[in-house]
Structures are given as C-alpha cells and as structure tokens.
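To start, the structure itself, in structure tokens.
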Amino acid sequence: MSEPTAPPADPAVDVTVETTPEGAEQPRTESHDPAVPAAYAAFMREGWGDRTLEVPRHPVAERAAERRARLSEAFPDDRLVLPAGTYKVRSNDTDYRFRPDTAHTYFSGNQTSDAVLVIEDGQSVLYARPRSERDTDEFFRDRQYGELWAGRRPSAQEISDSLGIEVRHVKDLPSFDDDRKVRDLTTDEDLARVADELRLVKDEWEVGELQEACDITALGFEDSVRDWDRVLEFGERWIEGTFFRRARAMGNDIGYDSICAGGSHATTLHWIDNTGSIEPGKLVLLDMGVEGHNLYTADVTRTIPVDGTFTPLQRELYDLVQQAQQAGIDAVRPGVPFLAAHHAAMDVLAHGLEGMGLLPVSAEEALDPESKVYARWTLHGTSHMLGMDVHDCGRSSADIYPKGDLAEGMVLTVEPGLYFQEDDLLVPEELRGIGIRIEDDILVTADGNRNLSASLPRTSADVEEWMGRLRG
C-alpha cells in the first residue's frame, strides 16, 4: 500500500495531540503518523465545498424491498438485525478489501461497510456509516473511513436515494434493550436459515447477473490461453494474475481464490497456492470465477492440455469425465432431487472405473451407499448451489437443500471429476498425478436447464480447437 510521503515526526512532538472536538469519535491513526497540531487541524476543517452526487436508483431497490417483506413475514413479531460486517485485518495496519455479508446486501442492496439493516413491524431502516464529517479529524486523518485516506463514502441521503430505504447514521443504532425478541443474523440460526432459503430461487435480474459473471469468466479463461507463452514461462501464478486482471477490470473481484493447478496439483481439490510450473505433456486444471459488481459469482472449471492436444490417455480420461458431466446436466430439471445430477454423473464414472479395472467390486456394488468405494477417485459431490456466494445458501434446511428437489430459477454447478493421486498404488503408474474436473453453471428452467457458461468449450475436440485458435 502506498502512502503520501510525509516528513519524519519530530520525536519531541507529541504525536497524540488531541485535536478532535470533545465527544467525537477518535480517528483511526497509526503510531508512525506525523503530529497534527491544533492549528493544522482547525485549518483542515474549513473551506471545503459541500458537493453532492446524483446517484441513480439501484436496480435491486424494489426487489430488495420485496425480499425484506418476505423475510419479515417469516418473523412477524421479532426485530431482525442483519449486519454488513466490517474490515478484517490482513497484516498489522492493512485490511483486506471489504466485501459485505451476502444476506445484508441481498435484503438491502447496500455494499458499504459497518452498516446494519434492521427490520421490524414490516418497516426497515439501514444504519450506515456515511462519508466523513468535515468538522472532525476523521475527514483527513482516519485511515479506515477518512475521505482523504480511503475515498469518498456516500452520504446517508445518497444511500437512501439509491436504495429506496430510510438511512440513519450507524452511531444512532439503538441498543435494543426492550422486551422485543432480537434476531441477529450472525448468531440466530433460524434467521440465517430462512434468509438462505429465500435466496435459493433466482429471479430474472439475478439470472442476468449470473450470466454476465459467466460471460466475463469466459473472457478470463480466454485471456489465459492467449498468454500461453507467458504461462509456460511463469507457471500457475501467471494464469492467476491474468484471470484476476479480467475480474477486476469488468467485475468486482474474483468470487473465490482461483485454482490454477498444473500437473499433479490438480489432484488437490482446492489448490490455491498457484506456485507451480506448467509443464509440457501434462494437464492444467483451472477452476475460476468472476464476481460481478452486484456480487453474483460464476464458478467454472476446465481441464486443458498444456501442449494444446490431449495424449490418448488424457483424452480417454477427459472424455469419461465429460460424459459424466453431460449425464449430470441432462438430469437437471424442475421437480427432480437436487442430488439427481450427482447420481447420474457418478453412475457414468463408476462404470468407467470398472471398465478400467480399478474397482475392487462391480460398479453396481460400488455405487451402493453402503460402499461408495468408487469415490476414492471422485472425492466430492457433483453440485452445489450458486449465486451471491460461490457455495450458495449453505445454511438452508437440509430437507430443502441438499435433500430437496430442484425448482425453476435455481442455479447449481455440475462438476464431476477424476483424481488419481501421485502415491496411489492401486492405479497404474501412468494414471498417477492426473486430475480432471469439468464444471459449468446450470440454470433450472421450466422445461429443463440452460448452461450459463456454455460459451466455453467442453468436449476434448472443442477444447483443442479453442486452444489452437487462441494461441494463434
């Protein structure tokens, strides 16, 4: 993090000079900040224009109001409290970039830090931290909230105009010491469950946000392949950085730490170190997703040959995984169990493993829930819900998700894989160190499904053609 260059503080000067008016919140400063004499502080509090911003109505404003109404109906006698969260320290005095709590933003549209949404009696108030006041030191001294340090935060009125909700300063947040039951999303399991269940079905606007995230993600994959000479030179790190550039340029961020796994790293399901080399003759597994400006994220995986062409063994394994994925996608439609895609994909993989002579029992026996020995080489479930969180709606009742049925408007991943560990003595040596996963983001439609990430090739032949075209 770069800072303005300042002259070293005079050790004879007290750097903790109190210049903030009595009763005002003390600014967040550091021990190495230079002293602030009273004259300088007073001079900094005058002569500033009161510039206001014309903020457009956020497209989620009306939807968020409807969402709050549904949440309130589930707890009509209670006070509901949904905090946005605050900054988290990365190291010493530097913070991670702020990302608000998902439920807070879903029900309010707000993405500023330190805010709290309160819903009671069908009415909502957003307690927020607006931009710095000019009559205190916060404006020019505070490293976390000060406008001259951290940028201009919106005013309370600007937030209200944009989101269509009453906004008050977070310092006015009540103590809630009356007899009314208070449900805090961070501690109340019932509120967290209902909030997640209300997010399971996406409306048309949300689907559009997810589609945009998938489209930008596809561009990030293409960027990586176009830069393949640099990938070969610098390895996994180059892919991670290349994809991140696209995510920041066109979206908000990455939706999760990118997995850029060359060679045997692909057999580690969540390989996020991304420190390895990309070696000719091997495969590289790329699991990456862009988070859009309204926090909806894609989650896409492709496994591609470093040389641009699969070897016969790689192609055989890849085609098996792709067939399993297609079976899983074909199983997605309204009214079927959420686990239908998993069962369909595992059926293909188990029979494939049987055909390779790896199973100690028949495929049918291996698929028995009391056995599942095939899972030594598949390891994980085939699907999870997707939305504002990459693993979306995880606090829903298990009877609804994952044990419930799919409904139109739900979005889930379909991502089977095969993983042969380097030290697995139960597979032939030529298989060891190979990991393959293919993942797409699937919308449940009225008559079946739609692949939101279909712009990226999936078959082995299409992957080879795609790589050849992009690498020139």
Side-chain angles (χ1 to χ4, degrees), residues 1-2 90-91 94 96-97 213-292 297-311 313-315 317-318 321 390 415 417 419-422 432-439 453 455-458 460 462-472:
M1 179 184 73
S2 62
R90 182 186 185 277
S91 63
T94 62
Y96 288 100
R97 183 183 292 117
C214 286
D215 293 343
I216 301 171
T217 295
L219 295 176
F221 273 81
E222 292 176 0
D223 293 340
S224 301
V225 175
R226 283 194 178 95
D227 226 5
W228 209 246
D229 288 344
R230 291 292 192 179
V231 170
L232 293 173
E233 181 179 0
F234 293 104
E236 296 168 354
R237 295 174 190 265
W238 194 267
I239 303 174
E240 178 185 341
T242 299
F243 186 82
F244 179 71
R245 181 176 65 240
R246 177 66 72 171
R248 286 292 292 154
M250 296 183 69
N252 178 59
D253 207 329
I254 50 175
Y256 53 94
D257 286 329
S258 297
I259 299 170
C260 306
S264 62
H265 288 164
T267 65
T268 300
L269 298 183
H270 286 173
W271 173 261
I272 59 173
D273 286 356
N274 301 335
T275 53
S277 58
I278 299 297
E279 300 176 9
K282 297 187 177 181
L283 300 173
V284 55
L285 187 155
L286 305 177
D287 186 337
M288 308 185 293
V290 169
E291 177 184 80
T297 184
D299 182 8
V300 179
T301 305
R302 291 294 184 266
T303 306
I304 61 180
V306 173
D307 296 334
T309 304
F310 293 98
T311 68
L313 175 61
Q314 292 169 351
R315 186 186 305 277
L317 296 173
Y318 183 94
V321 175
V390 66
E415 51 176 309
Y419 312 93
F420 301 106
Q421 305 301 320
E422 280 189 294
R432 297 173 194 167
I434 295 178
I436 298 171
R437 179 165 67 252
I438 311 170
E439 176 182 20
S453 48
S455 62
L456 279 175
R458 290 191 298 127
S460 56
D462 288 346
V463 167
E464 290 175 335
E465 187 279 330
W466 174 73
M467 290 192 71
R469 173 166 44 84
L470 293 177
R471 293 173 65 186

Beyond-backbone contact of Leu283 with Tyr318, side-chain heavy atoms, under 4.5 angstrom: no

Contact check, side chains of Ser258 and Ile239, non-hydrogen atoms, under 4.5 Å: no

Listed once per pair and sorted, the salt bridge (charged side-chain N to carboxylate O under 4.0 Å, His left out) pairs that draw on residues 247-266, sequence neighbours left out: Arg97-Asp253

Contacts of Thr303 that satisfy side chain to side chain donor-acceptor pair (under 3.5 Å) - sequence neighbours left out: none

Donor-acceptor pair, side chain of Asn274 and main chain of Arg237, under 3.5 angstrom: no

Side-chain (Tyr256) to main-chain (Met288) donor-acceptor, under 3.5 angstrom: yes

Residues that Ser277 engages under side chain to side chain contact (heavy atoms under 4.5 Å, CB included), provided they are two or more places apart: Glu279

Side-chain donor-acceptor contact under 3.5 Å, Thr94 with Ser91: yes

Salt bridge (Lys or Arg N to Asp or Glu O under 4.0 Å) partners for Arg432, two or more places apart: none

Shortest non-hydrogen separation from Thr267 to Ser264 and the atoms involved: OG1-O, 2.7 Å

Val306 side chain reached by Trp228 side chain, heavy atoms, under 4.5 Å: yes

Contacts of Asp462 that satisfy side chain to side chain donor-acceptor pair (under 3.5 Å) - sequence neighbours left out: Thr459

Contacts of type salt bridge (Lys or Arg N to Asp or Glu O under 4.0 Å), residue Glu291, not counting sequence neighbours: Arg99

Under the ring pair (Phe, Tyr, Trp, His ring centres under 6.0 Å) test, residues paired with Trp466 that sit two or more places apart: none

Residues which pass salt bridge (Lys or Arg N to Asp or Glu O under 4.0 Å) with Arg469, listed by chain and number, not counting sequence neighbours: Glu465

Residue pairs passing the salt bridge (charged side-chain N to carboxylate O under 4.0 Å, His left out) test where at least one lies in residues 222-235, sequence neighbours excluded: Glu222-Arg226, Asp223-Arg246, Arg230-Glu233

With Ala261 via side chain to side chain contact (heavy atoms under 4.5 Å, CB included) - residues at least two apart: Ile259, His265, Ala266, Trp271, Leu285

Partners meeting salt bridge (Lys or Arg N to Asp or Glu O under 4.0 Å) with Asp287 (sequence neighbours left out): Arg437

Any residue meeting side chain to side chain contact (heavy atoms under 4.5 Å, CB included) with Arg315, in chain and number order, not counting sequence neighbours: Thr309, Phe310, Asp319, Ser460, Glu464

